Amino acid sequence: MKIWLADLTYTQQSIASDVVPAGIGMIAEYAEKKIPNLDRIKLFKFPENLSEELSKSTPDLIGFSNYVWNSSLTDAFIHRIKEERPDLPTVVGGPNFPTDKDEQKKYLQDRPWIDFYIVKEGEHAFKTLVEWFMRKGSPEELSELPNLVFNKNNLFHSSNKIERVMDLSEIPSPYLSHRLDEFLDGKLLPITQTNRGCPFTCTFCTEGQSYWTKVKRKPRDIVEGEISYIADKMNKLDPSKRRTDLLIADSNFGMFEEDLDTCKVIAKEQDKNNYPKYINVATGKNKKERVLEAAKIVQGAMKLAGSVQSLDPDIQQNIKRKNISSKEIVDMALKSAEIGANTYSEVILGLPGDTKEKHFSTLKTLVESSFTTLSMYQLMILPGTELGSQETKEKYEMKTKFRVVPRCYGSYEVYGRETNVAEIEEICTSHNTLSFDDYLECRKMNLIINIFYNDSVFEEIMGLLRKLDVSIWDWLNKIYVNSTLKKFEKFNNLLTDFLNDSENELWEDFDELRKFTNKKENIQKFINGNLGSNLIFKYKSRSLTKDLENIGAIAETSTTEIIKEKKIDIPGIEEFTKELISFKKCQVEDIFSLKEVKTDLFNYDIPNFLNNIKSKEEDLDLNHYKLSYSRKFEFKLNNDQFNQIKSYNSLFGTKIDGISRTLSRVYIKKLFRKYEKDKIEEIAEFSENNSRRWGGGLESI
């Protein structure tokens with residue numbers, strides 16, 4: 001029996017879901033292990049490859065993954081396949097599917113081209129379905145299969161038998177069998193998983209259901225083998241083309257004792273193969289001491305997650321997160337800051353019970369807890385979640401709108417006919433405690449935090465403020481207030497453009513947006529970057545490129561103002577603040593255009609100040625850092641930074657949208673130019689013009 005499995009992604013702007021298709025790889029491995037003499041199952045990631053193969057031959061069964069980032073693409077391919085090959089059985093599986101049976105029935109009625117839908121875990125359920133086909137089983141037998149939903153011949157069936165693979169050693173590794181070698185070419189992000197399940201019950205998450213409560217672990221030898229195999233494959237690629245990141249698909253990595261063993265394996269590969277440099281993973285929501293230890297082992301390559309979503313107790317009650325310790329999460333951030341670990345916290349705007357004041361209060365606490373990055377999201381209404389049910393929407397009077405998912409759009413030819421397709425998501429923009437105007441004001445503050453706080457772009461300024469015992473939140477709020485002033489009109493233009501785009505990307509009617517995206521000329525607007533960007537990262541990228549001068553100006557003024565308001569009198573503080581910003585400019589400007597070296601003149605020993613910033617010295621004496629002569633400092637990308645940026649430029653491009661992809665994937669601080677201590681030129685006269693340039697930006701990009 002010839003079987004094909006596809007985990008499709010959009011490719012025409014960039015590779016949208018740029019992850020190795022290990023999920024369908026495990027399904028294939030399990031089926032081949034359990035079914036004797038089954039033909040080798042063929043995997044597809046890119047739509048162009050599947051389309052080309054369909055023009056040459058036809059499988060006996062074809063299956064597709066279904067996520068929020070490829071659901072419409074899957075539908076488009078299956079619909080076209082059924083038009084040409086109506087007898088070809090089609091199977092779909094994935095979390096983007098309702099849990100309510102009436103909603104499941106409607107989902108399949110609206111998509112008659114889907115013959116079978118597999119819910120929850122796919123390996124065992126897909127294997128039993130394949131066996132049913134091979135033995136030409138009866139309709140009565142079909143109704144006995146686990147995890148299966150179908151709507152055929154006016155008969156709707158949703159199985160009550162929902163099973164999991166309880167022993168993950170039964171699933172062979174698709175890496176160690178070499179099945180995934182074709183995808184380890186440096187274009188796709190390697191992914192592995194050490195366990196399945198989540199003990200928490202968050203209502204906005206598809207893993208918040210009781211089905212996933214028990215956590216099952218993959219055998220240690222397979223975990224170690226996969227990590228070593230991936231590292232070896234990446235190390236054999238050209239340095240400018242290899243991926244330097246690894247995705248671990250666990251829901252709470254670092255929360256379990258076994259995760260420390262995994263980290264030790266990773267550390268061994270870091271020493272041997274210099275891989276991975278970055279680990280994308282959702283770290284544990286509790287057991288923060290263990291999570292912190294895990295981060296130490298992998299030499300800072302792993303961001304520590306302190307995902308609170310909201311710190312308001314009423315909101316936490318509404319979304320069933322009472323079993324997660326917010327205090328422990330905040331304490332972890334404070335301890336992480338002491339050792340310089342990279343931390344992030346996730347916040348969702350628009351959860352039931354949310355208000356502007358509550359959202360700002362959560363952000364304030366997280367900022368003052370010294371998280372490195374705050375990831376701020378809008379509330380997506382996902383099928384298969386409790387929060388996505390009609391009952392919940394009505395309870396909180398949710399108003400939702402629709403928008404195109406960033407990078408998830410394209411035009412593809414299947415059987416000689418072109419199909420225009422885009423993914424559409426539903427988000428909550430207001431409810432009974434949050435107005436739409438307040439929603440936009442929260443988005444504005446989210447962008448300000450992303451620009452000025454996240455990724456340590458202004459770590460020198462924040463270090464100064466902390467030294468003076470000035471609240472970083474007060475500084476950010478000062479920027480928020482100052483942004484409306486006439487003298488910061490250029491910066492306000494950036495915020496206005498962001499809010500206009502935030503409002504204009506939203507559609508009231510799903511069907512109208514679907515009609516819009518069915519037209520090729522509109523899809524081309526998305527591909528060209530005129531529509532459909534991830535706005536937070538788009539405007540963060542813009543702030544670091546053509547708006548660099550403007551963000552420097554408001555940061556400088558807001559810093560000196562907040563210090564004066566706190567009645568702190570330090571001679572020379574304004575000039576020192578200018579130099580802190582000039583220092584950062586030299587690190588950041590033009591890095592994505594691969595300009596290796598930047599220089600500027602300084603009156604203060606900024607590196608010495610940064611080294612001493614955490615000292616217990618009570619008073620800040622700027623005379624201690626005043627140089628006897630003006631000095632020319634040199635900042636340079638090292639070879640490793642140069643190759644990493646070159647690799648990401650190759651993957652995503654150097655336009656704003658491409659830089660946005662890079663910013664969403666890396667700890668950008670590690671790409672900032674390094675200060676060259678050995679290259680200091682003493683100059684008798686200090687050039688004011690040369691030393692006070694904050695800006696220029698990256699207009700060449």
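Please read these numbers as outputs of a predicted model, since none were measured by experiment.
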*Asks:* Apply the test side-chain contact (heavy atoms from CB on, under 4.5 Å) to residues Thr244 and Tyr278: give CA-CA distance (whole Å), side-chain angles for both, the deciding distance (0.1 Å), then the verdict.
*Replies:* CA-CA 7 Å; Thr244 59; Tyr278 306 104; 3.8 Å; yes
*Asks:* Evaluate side chain to side chain donor-acceptor pair (under 3.5 Å) for Glu441 paired with Tyr480, printing each intermediate quantity in order.
*Replies:* CA-CA 10 Å; Glu441 285 302 304; Tyr480 174 83; 2.5 Å; yes
*Asks:* So how far is it from Lys540 NZ to Ile551 CD1, rounded to the nearest 0.5 Å?
*Replies:* 8.5 Å
*Asks:* Determine whether a donor-acceptor pair (N or O, by modelled atom type, separation under 3.5 Å) exists between the side chain of Asp605 and the backbone of Asn608.
*Replies:* yes
*Asks:* Take the angle between the ring planes of Tyr675 and Phe633 and call it parallel below 30°, perpendicular above 60°, tilted in between.
*Replies:* tilted
*Asks:* What pair of heavy atoms forms the shortest contact from Tyr409 to Gly532, and how long is it?
*Replies:* OH-O, 3.5 Å
*Asks:* Is there a side-chain contact (heavy atoms from CB on, under 4.5 Å) between Lys636 and Lys674? Walk through the geometry before answering.
*Replies:* CA-CA 5 Å; Lys636 187 176 181 179; Lys674 304 295 184 182; over 6 Å; no
*Asks:* Which heavy atom of Arg242 sits nearest to which heavy atom of Met234, and what is that distance?
*Replies:* NE-O, 3.1 Å
*Asks:* Testing the 3.5 Å rule here: is there a donor-acceptor pair between the side chains of Ser310 and Gln316?
*Replies:* no
*Asks:* Taking Ser483 for its side chain and Asn492 for its backbone only, find out whether a donor-acceptor pair lies under 3.5 Å.
*Replies:* no
*Asks:* For Ser630 and Asn603, test the side chains for any donor-to-acceptor distance below 3.5 angstrom and give the result as yes or no.
*Replies:* yes
*Asks:* Does Trp473 offer a backbone N or O that forms a donor-acceptor pair with the side chain of Ser471 under 3.5 Å?
*Replies:* yes
*Asks:* Indicate the atoms forming the closest heavy-atom contact of Gly353 with Lys358, along with that distance.
*Replies:* O-NZ, 3.3 Å
*Asks:* Closer than 3.5 angstrom, by distance alone: can the side chain of Asn528 be matched with the main-chain N or O of Asn530 as a donor-acceptor pair?
*Replies:* no
*Asks:* Please tell me if the side chains of Ile427 and Thr429 come closer than 4.5 Å, counting only heavy atoms from C-beta onward.
*Replies:* yes
*Asks:* Apply side-chain contact (heavy atoms from CB on, under 4.5 Å) to Asp640 and Gln644, showing your working.
*Replies:* CA-CA 6 Å; Asp640 195 37; Gln644 287 185 63; 3.2 Å; yes
*Asks:* Counting N and O atoms only, with roles assigned by atom type, does the side chain of Asp547 sit under 3.5 Å from a partner on the main chain of Ser543, one being a donor and the other an acceptor?
*Replies:* no
*Asks:* Would you say the side-chain atoms of Ser541 pair up with the backbone N or O of Phe537, donor to acceptor, closer than 3.5 Å?
*Replies:* yes
*Asks:* NZ of Lys444 to OG of Ser502: how many Å apart, nearest 0.5 Å?
*Replies:* 12.5 Å
*Asks:* Within 45 degrees of the axis of the six-membered ring of Phe360 and under 6.0 Å from its centre: does Lys364 put its NZ or CZ there?
*Replies:* no
*Asks:* Honestly, is Lys632 close enough over Phe602, meaning NZ or CZ under 6.0 Å from the six-membered ring centre and within 45° of the axis?
*Replies:* no
*Asks:* Kindly indicate, with the supporting measurements, whether the criterion side chain to side chain donor-acceptor pair (under 3.5 Å) is fulfilled by Asn504 and Asp501.
*Replies:* CA-CA 5 Å; Asn504 292 335; Asp501 280 354; 4.9 Å; no
*Asks:* With side-chain contact (heavy atoms from CB on, under 4.5 Å) as the test, would you mind laying out the steps for Glu579 and Ile606 before giving the verdict?
*Replies:* CA-CA 8 Å; Glu579 293 214 349; Ile606 304 299; 4.1 Å; yes
*Asks:* Checking side-chain polar atoms at under 3.5 Å, does Asn500 have a donor or acceptor matched by the opposite partner on Asp497?
*Replies:* no
*Asks:* Give a yes or no on whether the ring-centroid distance for Phe491 and Phe488 is below 6.0 angstrom.
*Replies:* no
*Asks:* How close do Ala16 and Arg407 get, heavy atom to heavy atom, and via which atoms?
*Replies:* CB-O, 3.5 Å
*Asks:* Taking Gln641's backbone N and O only, do any of them form a donor-acceptor pair with Asn638's side chain (distance below 3.5 Å, no angle check)?
*Replies:* yes
*Asks:* Side chains of Asp238 and Ser240: donor-acceptor distance under 3.5 Å anywhere?
*Replies:* yes
*Asks:* Out of the candidates Phe609, Phe583, Tyr625, Phe576, only one should pair with Tyr604 under the ring-ring contact (aromatic ring centres under 6.0 Å, His included) rule; please name it.
*Replies:* Phe576
*Asks:* Using 0.5 Å steps for rounding, measure from the CD atom of Glu596 to the CD1 atom of Ile645.
*Replies:* 9.5 Å
*Asks:* For Tyr275 and Gln270, which I'm curious about, is there any donor-acceptor pair between the side chains at under 3.5 Å?
*Replies:* no
*Asks:* Are the aromatic rings of Phe498 and Tyr539 close, with centres under 6.0 Å apart?
*Replies:* yes
*Asks:* Could you report the tightest heavy-atom contact between Arg673 and Val588, atom names first, then the distance?
*Replies:* NH1-C, 3.8 Å
*Asks:* Nearest 0.5 Å please: distance from the NZ atom of Lys187 over to the CZ atom of Arg243.
*Replies:* 12.0 Å
*Asks:* Counting distance only, does the side-chain N/O of Gln13 pair as donor-acceptor with the main-chain N or O of Phe526 below 3.5 Å?
*Replies:* yes
*Asks:* I need the single residue from Asn482, Asn477, Asp474 that forms a side chain to side chain donor-acceptor pair (under 3.5 Å) with Ser558. Which is it?
*Replies:* Asn482
*Asks:* With a 3.5 Å distance limit and no angle check, can you tell me whether Asn450 reaches the backbone of Asn446 through a side-chain donor-acceptor pair?
*Replies:* no
*Asks:* Of all the heavy-atom pairs spanning Glu575 and Lys626, show the shortest one and how long it is.
*Replies:* OE1-NZ, 3.9 Å
*Asks:* Strictly distance-based, threshold 3.5 Å: is any side-chain N or O of Ser593 a donor or acceptor partner for the main-chain N or O of Asp590?
*Replies:* yes
